[in-house]
Amino acid sequence: MVVIITGASDGIGAELARQWAQRDGATLSLVLAARSQDKLAEVAAACEALGARTLVQPCDVEDPSACQALIHAALGTFGGIDVLVNNAGMSAHALFDQVKDLGWYQRLMQINLWGSAWCTQAALPAIKASRGRIVAVSSLAGLLGIPGRTAYSASKFAMTGFFEALRTEVAPHGVSVTIAYPGVVDTQIRYRGFNARGEASGQSSLDERGAMSVQTCARLILNGLLARERDIVMTTKGKLGRWLKLLAPALVDRMAMQALKREQRPQ
């Protein structure tokens, strides 16, 4: 099985690669993509120690030509693609009235939505040929609007809409589309995300108590995609929130506000 994972240098992507290598060993060929070649090499070494074959491919998904090069490299090395995991992404937190320049909103959309779309477009003929799997790592912020996360929620809602529509288009070809919706996971993504000035935040705006471990998150994604599940909603609050949004939307708004640290809530 040939698997491409974007955003594979750390966090969810790296752990998913390691768990998959642990599961399938020598029958697995991993294409690991991210901006940091050094970190990718470390993940690749861990996966190779478990028996997997690997290809390290530096890739910034903001660049459509880099996305195309990633897919070409995978095909050139392994001859096909069975799974594409669109995991690369960027976080952000800023109250909208504190944002002066919306340029970084456009950049966030380019990373989270367009990076996934470009990779998927390039890989789709090969995935159709293998009757394979496409995976999109979205967020609970792609199901529920979270205060302070207008940019991030917009980009993740866009991902959800794109991949839900694509799911129907590719189903006749035997291709499955799985969308994963992690909640708060114990990674550094929120600390690296944009603040109101479009700079690295250096802090999380969310209440991190009870954050899901990256190991649990990766395991849920791996099990779900192998089972060709449509959606992987990982938390009880997330599952309830989808239905409460229809039945009691004001309650969901209050729940979303409570997810923020008190000092980060709009006054």
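We're numbering straight along the sequence, starting at 1. Values reported hereafter were calculated over all heavy atoms of this structure, with side chains retained and with hydrogens, waters and symmetry mates removed. Note that this is a predicted model, so its numbers are computed, not measured.
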inquiry  = Please determine whether side-chain contact (heavy atoms from CB on, under 4.5 Å) holds for the pair Asn86 and Thr120, giving the CA-CA distance in whole Å, both sets of side-chain angles, and the decisive distance to 0.1 Å.
reply    = CA-CA 8 Å; Asn86 291 292; Thr120 300; 3.1 Å; yes
request  = Apply the test side-chain contact (heavy atoms from CB on, under 4.5 Å) to residues Thr216 and Val214: give CA-CA distance (whole Å), side-chain angles for both, the deciding distance (0.1 Å), then the verdict.
outcome  = CA-CA 5 Å; Thr216 297; Val214 70; over 6 Å; no
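Within a 6.0 Å sphere centred on CZ of Arg230, other residues, nucleotides and ligands contribute 12 heavy atoms or fewer. Around CH2 of Trp118, the count of heavy atoms belonging to other residues, nucleotides or ligands within 6.0 Å exceeds 12. Within 6.0 Å of the CD atom in Gln121, the count of heavy atoms belonging to other residues, nucleotides or ligands does not exceed 12.
Residues Val99 and Arg197 have side chains not in contact (no heavy-atom distance under 4.5 Å, counting atoms from C-beta outward). Side-chain contact between Leu226 and Arg23 is present, with heavy atoms from C-beta onward closer than 4.5 Å. At least one side-chain heavy atom of Leu124 sits under 4.5 Å from a side-chain heavy atom of Val170. The closest side-chain heavy-atom distance from Val83 to Met1 is below 4.5 Å. Looking at heavy atoms from C-beta onward, Ile146 lies out of side-chain contact with Tyr152 at the 4.5 angstrom threshold. Between Val31 and Val3, the closest side-chain pair of non-hydrogen atoms is not below 4.5 Å.
With sequence neighbours left out, the side chain to side chain contact (heavy atoms under 4.5 Å, CB included) criterion links Gln37 to Val56, Pro58. With sequence neighbours excluded, the residues forming a side chain to side chain contact (heavy atoms under 4.5 Å, CB included) with Cys59 are Ala33, Val61, Ala66, Leu70, listed by chain and number. Residues that satisfy the side chain to side chain contact (heavy atoms under 4.5 Å, CB included) test with Phe162, not counting sequence neighbours, are Leu113, Ala117, Leu166. Contacts of Arg167 classified as salt bridge (Lys or Arg N to Asp or Glu O under 4.0 Å), with partners at least two apart in sequence or in another chain: Asp231. With sequence neighbours left out, Arg219 forms a salt bridge (Lys or Arg N to Asp or Glu O under 4.0 Å) with no residue at all.
For the residue pair Gln106 / Gln110, no side-chain donor-acceptor distance below 3.5 Å is found, with atom types taken as modelled. There is a side-chain donor-acceptor pair under 3.5 Å between Ser65 and Asp63. Using a 3.5 Å distance cut-off with no hydrogens or angles, the side chains of Ser155 and Tyr105 do not pair a donor with an acceptor. In summary, the side chains of Thr77 and Arg53 do not present any donor paired with an acceptor at a separation below 3.5 Å, with no hydrogens or angles considered. Side-chain contact check for Glu48 and Thr54: at least one donor-acceptor pair (N or O, by modelled atom type) lies under 3.5 Å. Counted by atom type alone, Arg133 and Ser176 present zero donor-acceptor pairs between their side chains at under 3.5 Å.
The backbone N or O of Lys128 sits nowhere less than 3.5 Å from a side-chain atom of His173 that would complete a donor-acceptor pair. Remark: the backbone N or O of Val2 is not paired with any side-chain donor or acceptor of Ser29 at under 3.5 angstrom. Side-chain N or O atoms of Trp104 include one that pairs as donor or acceptor with a backbone N or O of Ala196 at under 3.5 Å.
Leu50 and Leu16 sit in two unconnected hydrophobic clusters of ILVMFWY residues. Membership requires side-chain heavy atoms under 4.5 Å apart, directly or through other members.
Using a cut-off of 4.0 Å between Lys/Arg side-chain N and Asp/Glu carboxylate O, Glu42 and Lys39 are scored as not salt-bridged.
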Which pairs of donor and acceptor atoms, one on a side chain in residues 135-143, lie under 3.5 Å apart (sequence neighbours left out)?
from: Ser139; atom 1: OG; to: Ala141; atom 2: N; distance (Å): 3.0

